[in-house]
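Only one structure is covered here, and it is reproduced in the block below.
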Amino acid sequence: MKTLLHGGTAVSGTGMQKLDILIENEKIVQMQPHISAADAQAVDCTGKLLFPGFIDGHTHFDLEVCGTITADTFASGSRAALRGGTTMVVDFAAPDKGDTLAYGLSRWREKAAGAACDYGFHMTVDDWNEGISQELGEMLEQGISSFKMYMTYPAMMLPEGDMFQTLLRLKELGGIAGVHCENSGLIDALTARARKAGRMGPASHPQVRPAPLEAEAVGHLLRMAQVAEVPVIIVHLSARESLEEVRAARRRGQTVYVETCPHYLLLEDSVYSNPDFLEAAKYVCAPPIRKKEDQEALWEALANGEIQTVATDHCSFTLAQKRAGRYDFTKIPGGLPGVEHRGQLLYTCGVAAGRISEAQMCRVLCENPAKLYGCWPRKGTLAPGSDGDVVVWDPAAEGMITVRDQAQQADYTPYEGMRTKGGADRVYLRGTLAVDHGQVLETAGVFVPRGKCAL
């Protein structure tokens, strides 16, 4: 079946243009100011913006952590993603220490079988040996071209020597690593001090993971990457001081890609001081939410192109799950829901507020993640030959974010009561209508094999 989207304004990373879009057999086949196609289903998009399907390069669906499992499976999380205009997610296949990468990938393929949107995987590397080294090449052959490493969390982190060896191997193969940067040893020391002092409520969470320790870890990683002569991705960067480390590395000539998240752009660390335990526990994530000055620095970096992507790090839990840390903040499962609202948040607080343009929104939600993670131009752009992933965005829509009206399975949202401007009127996944005025329809996502970074 053919679908003709007519009368809308197509958005790219370089600007906007009034164009009709004709989709057939899952692909965009034509884009012109005026298209006539009597055999196509015509959809009037007058007054609407036409974005490429958004890509969320950082989600955690069906993840086992802190003795529990995230509230969102691939089925529920992908439906929530679609509702907000995200047509592809890149989740994390996470083998346990001692497992092969192949085993981890097979587990995540099973988990993703019910996904409603398209998906790919980053592969977590938490061990280093000759077998893992060989498997890295096999992962690239299977369309897994990006890898995750942790500088904290004992169950997942790599010693720095092993991390360096992994970076060297990825240089040989043409893969790329995204790294969670925090100083594990000092977090442990500060946590021990808090425990000794009896400060075990959520207010201690940002105190034991302060911004200077994130910046120190970012700088440490970037010096390793400098010696290895490889590009790296700093995931969920949260702090002004971390940005300074990135700027210093770029002045040295290094290639560094930066991701941040909506909660670091919009929330302040005062949320942890709420005397109601659950109200404070809602916001426990790592790195923690920072201060107003960090917010402003991130918005400035987003506007001037220093930050390449805005992903969600969607890792959702219910309030009952958060309650596990009632008497010990280290036992609060860390993570926030966000995959459903990312587009609305960035449009409302970015585009409508005059902080960024529509083209910049397109770059950080669509084009850059597609190029960074090796699925451009199949994804991330509106062009003949690309997948028919289109978000028909209504810039005049007004609404309110509330837990009562969300598809993601956490029983709260960090943005409760926030009034929004703009929203996804319709969402097409490979030419199939996936969301119609907020109603998520039945669709089947597919695995998208990815190539090397092209950003």
- Query: Is any side-chain heavy atom of V232 less than 4.5 Å from a side-chain heavy atom of L221?
  - Reply: yes
- Message: Quick test of your reading of the model: are E300 and R240 salt-bridged, counting only N-O distances below 4.0 Å?
- Response: no
- Task: Any chance you could lay out the salt bridge (Lys or Arg N to Asp or Glu O under 4.0 Å) test for R79 and E442, step after step, and finish with the verdict?
- Result: CA-CA 9 Å; R79 288 174 62 83; E442 291 300 317; 3.5 Å; yes
- Query: About how many Å separate CZ of R419 and OG1 of T348, when rounded to the nearest 0.5 Å?
  - Reply: 11.5 Å
- Item | Counterpart residues, salt bridge (Lys or Arg N to Asp or Glu O under 4.0 Å), relative to D394 (two or more places apart) | none
- Is the closest side-chain heavy-atom distance between L243 and L298 below 4.5 Å? yes
- Return yes if some donor-acceptor pair links the side-chain N/O of R426 with the main-chain N/O of A434 below 3.5 Å, else return no. no
- Query: Ignoring hydrogens and geometry, is there a side-chain-to-backbone donor-acceptor pair from Q360 to S357 under 3.5 Å?
  - Reply: yes
List the atom pairs, donor and acceptor, that lie under 3.5 Å between side-chain atoms in residues 445-455 and the rest of the protein, sequence neighbours left out.
{"unit_1": "R450", "atom_1": "NH1", "unit_2": "S145", "atom_2": "OG", "d": "3.3"}
{"unit_1": "R450", "atom_1": "NH1", "unit_2": "S146", "atom_2": "OG", "d": "3.1"}
{"unit_1": "R450", "atom_1": "NH1", "unit_2": "Y373", "atom_2": "O", "d": "2.9"}
{"unit_1": "R450", "atom_1": "NH2", "unit_2": "F121", "atom_2": "O", "d": "2.5"}
{"unit_1": "R450", "atom_1": "NH2", "unit_2": "S146", "atom_2": "OG", "d": "3.1"}

- Message: Are M151 and N183 packed together at the side-chain level, in the sense that at least one heavy-atom pair is separated by less than 4.5 angstrom?
- Response: no
- Query: Can we call the ring centroids of H180 and Y153 under 6.0 Å apart?
  - Reply: yes
- Between the side chain of D269 and the main-chain N/O of I289, is any donor-acceptor distance below 3.5 Å? no
- Message: Closer than 4.0 angstrom, basic N to acidic O: yes or no for D389 and K379?
- Response: yes
- Query: Does the distance from a Lys or Arg side-chain N to an Asp or Glu carboxylate O, for R209 and E214, drop under 4.0 Å?
  - Reply: no
- Query: Cation-pi between K111 and F74: NZ/CZ under 6.0 Å from ring centre and within 45° of the ring axis?
  - Reply: no
- Message: Tell me if a side-chain donor or acceptor on K282 pairs with a main-chain N or O of V271 at a distance below 3.5 Å.
- Response: no
Kindly list each side-chain donor-acceptor pair under 3.5 angstrom involving residues 309-317, sequence neighbours excluded, with atom names and distances?
{"unit_1": "T312", "atom_1": "OG1", "unit_2": "D56", "atom_2": "OD2", "d": "2.6"}
{"unit_1": "T312", "atom_1": "OG1", "unit_2": "H58", "atom_2": "O", "d": "3.4"}
{"unit_1": "T312", "atom_1": "OG1", "unit_2": "H314", "atom_2": "N", "d": "3.1"}
{"unit_1": "D313", "atom_1": "OD1", "unit_2": "H58", "atom_2": "NE2", "d": "2.9"}
{"unit_1": "D313", "atom_1": "OD1", "unit_2": "H60", "atom_2": "NE2", "d": "3.2"}
{"unit_1": "H314", "atom_1": "ND1", "unit_2": "G338", "atom_2": "N", "d": "2.9"}
{"unit_1": "H314", "atom_1": "ND1", "unit_2": "V339", "atom_2": "N", "d": "3.0"}
{"unit_1": "H314", "atom_1": "NE2", "unit_2": "D72", "atom_2": "OD2", "d": "2.9"}
{"unit_1": "S316", "atom_1": "OG", "unit_2": "D72", "atom_2": "N", "d": "3.2"}
{"unit_1": "S316", "atom_1": "OG", "unit_2": "D72", "atom_2": "OD2", "d": "2.8"}

- Message: Tell me whether E259 contacts the main-chain N or O of H236 through its side chain, where contact means a donor paired with an acceptor under 3.5 Å.
- Response: yes
- So, the side chain of T70 versus the backbone of D62: is there a donor-acceptor pair under 3.5 Å, distance only? yes
- Task: Taking Y428 for its side chain and I23 for its backbone only, find out whether a donor-acceptor pair lies under 3.5 Å.
- Result: no
- Residues in salt bridge (Lys or Arg N to Asp or Glu O under 4.0 Å) with E340, at least two apart? R83
- Might you confirm whether atom CZ of R355 has over 12 heavy atoms from other residues, nucleotides or ligands at distances under 6.0 Å? yes
- Message: Using a 3.5 Å distance criterion without hydrogens, assess whether the side chain of W108 forms a donor-acceptor pair with backbone atoms of F92.
- Response: yes
- Find the distance between CG (L237) and CD (E306) and round it off to the nearest 0.5 Å. 10.5 Å
- Mind checking whether L49 and Y347 have side chains closer than 4.5 Å, heavy atoms only? yes
- Tell me, with the steps shown, if K291 and E268 meet salt bridge (Lys or Arg N to Asp or Glu O under 4.0 Å). CA-CA 5 Å; K291 299 185 181 299; E268 297 181 43; over 6 Å; no
- Pair E64-R107, salt bridge (Lys or Arg N to Asp or Glu O under 4.0 Å): steps then yes or no: CA-CA 12 Å; E64 297 138 14; R107 286 187 62 214; 3.0 Å; yes
- side-chain contact (heavy atoms from CB on, under 4.5 Å) involving A444 - partner list, sequence neighbours excluded: none
- Message: By the side chain to side chain donor-acceptor pair (under 3.5 Å) test, which pairs, at least two apart or in different chains, include something from residues 432-441?
- Response: D425-H437
- Message: Whether E24 and K27 form a salt bridge (side-chain N of Lys/Arg under 4.0 Å from carboxylate O of Asp/Glu) is what I want to check.
- Response: no
